[in-house]
2 protein chains.
Amino acid sequence: MARFTAGELEVMRILWEHGEMKPAEIQKLFPRPIKNAALRSYLTILVDKGHLARRSKGRAFFYRAKTKRESTFRSMLGELVNTFCGGSSEALLCHLLAKEKLSPEELLELHRAAQEKK
Amino acid sequence: MARFTAGELEVMRILWEHGEMKPAEIQKLFPRPIKNAALRSYLTILVDKGHLARRSKGRAFFYRAKTKRESTFRSMLGELVNTFCGGSSEALLCHLLAKEKLSPEELLELHRAAQEKK
DNA sequence: GTTCACATGCAGATGATTCTGCACATTTAG
DNA sequence: CTAAATGTGCAGAATCATCTGCATGTGAAC
């Protein structure tokens, strides 16, 4: 559902973490130097797409994420799984387990943590 | 490293699976109706970017993937982990374990499978 | 040879993404 | 009041992604 370009995602990450902000604040947190006007161009597009909401407060506009971090994560993870793991998460899990070099004990600990999270 | 658009990824998936092909063959396997010329437009771009190689064979051009499926997978997975899991795969693992509703036994079985894969 | 199917070459339209420049409004410092 | 700093509005340039149309070339069937 939610497909973002690299630049859009940089904006979303900041707003997911910091809540409601105005462009100049986002600009300071941006992972690379970006001009204020260039950043506002991203913001306008994201508002048009419905991913951000904005409201006037004082003399500035404040922006906040409407599209949730968690649903974007699920959507992007789903696309990855579809493309590379035949649509099932099992292959992805297997890949991660192989890569992470976990002992069975660590794995079970992780499993317990996952159960708690639910 | 390797960043693909949705359309480019559709092409790459087919070539990863089928090896070397000419446009008309790719066209038949394409997940949606696409005109031959539109498809060739993708192919040209992917060759320019270095993701595909092409060679003349008979009267047609044949295309094959230069960028490997496995490295693209790693790259996209890495980006996902960076964006949503603070750069460590652990949170992703945890998320997947919670979602997959595995029993500890199934988990250990998966773990064994992962060890073997290495 | 003629004709048809298949394949590429090329030019470019369209819209999205990314970014720039400049004008103007408002707050704050002197 | 004046000037600098900070904020937005707006117009649009540059590039890329996606797709279309038409011309041309070549092999195969007749």
Side-chain angles (χ1 to χ4, degrees), chain A residues 1-15 18-67 72 75-76 79 83, chain B residues 1-15 18-67 72 75-76 79 83:
Chain A
M1 205 62 162
R3 175 142 191 126
F4 295 98
T5 66
E8 290 171 347
L9 208 47
E10 288 170 327
V11 173
M12 296 304 291
R13 284 184 66 167
I14 293 174
L15 290 175
H18 293 86
E20 195 179 52
M21 306 181 83
K22 55 182 170 176
E25 294 167 340
I26 302 173
Q27 191 186 355
K28 276 171 201 137
L29 295 176
F30 217 68
R32 60 194 159 91
I34 188 172
K35 296 201 177 173
N36 182 278
L39 172 61
R40 280 186 295 129
S41 167
Y42 283 154
L43 292 172
T44 306
I45 287 174
L46 283 167
V47 169
D48 286 350
K49 289 187 181 175
H51 295 309
L52 297 184
R54 81 174 199 181
R55 68 187 179 110
S56 181
K57 194 169 121 180
R59 79 175 148 147
F61 279 121
F62 281 71
Y63 294 82
R64 69 163 212 283
K66 275 181 78 180
T67 299
T72 304
S75 158
M76 290 180 66
E79 192 183 321
T83 304
Chain B
M1 205 61 161
R3 175 140 191 125
F4 295 98
T5 66
E8 290 171 347
L9 209 47
E10 288 171 327
V11 173
M12 296 304 292
R13 284 184 68 168
I14 293 173
L15 290 174
H18 293 88
E20 195 179 53
M21 306 181 82
K22 54 183 171 176
E25 294 166 339
I26 303 173
Q27 192 185 354
K28 276 171 202 139
L29 295 177
F30 217 68
R32 60 193 159 91
I34 189 172
K35 295 201 176 174
N36 182 279
L39 173 61
R40 279 186 295 130
S41 168
Y42 283 154
L43 293 172
T44 306
I45 287 175
L46 283 167
V47 169
D48 286 349
K49 288 186 181 174
H51 295 309
L52 297 184
R54 79 173 202 183
R55 69 188 178 108
S56 183
K57 196 168 119 183
R59 79 176 146 145
F61 279 120
F62 281 71
Y63 294 82
R64 68 164 213 283
K66 274 180 79 180
T67 299
T72 304
S75 158
M76 288 180 66
E79 193 183 320
T83 304

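You'll find the side chain of B:Leu43 reaches within 4.5 Å of the side chain of B:Ile26, heavy atoms only.
When rounded to the nearest whole Å, the span between CD1 of B:Ile26 and P of C:dC6 equals 17 Å. Atom-to-atom, CZ of B:Arg54 to C1' of C:dT8 comes out at 8 Å; the value is rounded to the nearest Å. Across the protein-nucleic acid pair, A:Gln27 atom CD and C:dT20 atom P stand 12 Å apart, rounded to whole Å. Atom CZ of B:Arg3 is separated from atom C1' of D:dA17 by 13 Å (rounded to the nearest Å).
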Any chance you could lay out the side chain to side chain contact (heavy atoms under 4.5 Å, CB included) test for A:Leu52 and A:Met12, step after step, and finish with the verdict? CA-CA 8 Å; A:Leu52 297 184; A:Met12 296 304 291; 3.6 Å; yes
Output one line per pair: protein atom, nucleotide atom from nucleotides 23-30 of chain C, and distance, for all N/O pairs under 3.5 Å.
residue	atom	partner	partner atom	Å
C:dT26	O2	A:Arg59	NH1	3.0

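Residue whose closest nucleotide on DNA chain C sits further toward the 5' end, between A:Glu8 and B:Ala24: B:Ala24.
The distance from atom CZ of B:Arg13 to atom OG1 of A:Thr83, rounded to the nearest 0.5 Å, is 5.0 Å. One finds the CG atom of B:Leu39 at 6.0 Å from the CZ atom of B:Phe30 (value rounded to the nearest 0.5 Å).
Contacts with DNA chain D (heavy atom under 4.0 Å) in residues 28-50 of chain B: B:Arg32, B:Lys35, B:Ala37, B:Ala38, B:Ser41, B:Tyr42, B:Ile45, B:Lys49, listed by number.
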Quick one: side chains of residues 57-64 of chain A, donor-acceptor pairs under 3.5 Å with protein atoms, not counting sequence neighbours, listed by atom name and distance.
residue	atom	partner	partner atom	Å
A:Tyr63	OH	A:Arg54	NH1	3.3

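Residues forming a side chain to side chain donor-acceptor pair (under 3.5 Å) with A:Thr67 (at least two apart in sequence, or on another chain): A:His51.
Applying the side chain to side chain donor-acceptor pair (under 3.5 Å) definition to pairs two or more places apart or across chains, those involving residues 20-29 of chain A are A:Glu20-A:Arg55, A:Gln27-A:Asn36. Residue pairs that meet the salt bridge (Lys or Arg N to Asp or Glu O under 4.0 Å) test with at least one member in residues 42-51 of chain A, sequence neighbours left out, are A:Glu8-A:Lys49.
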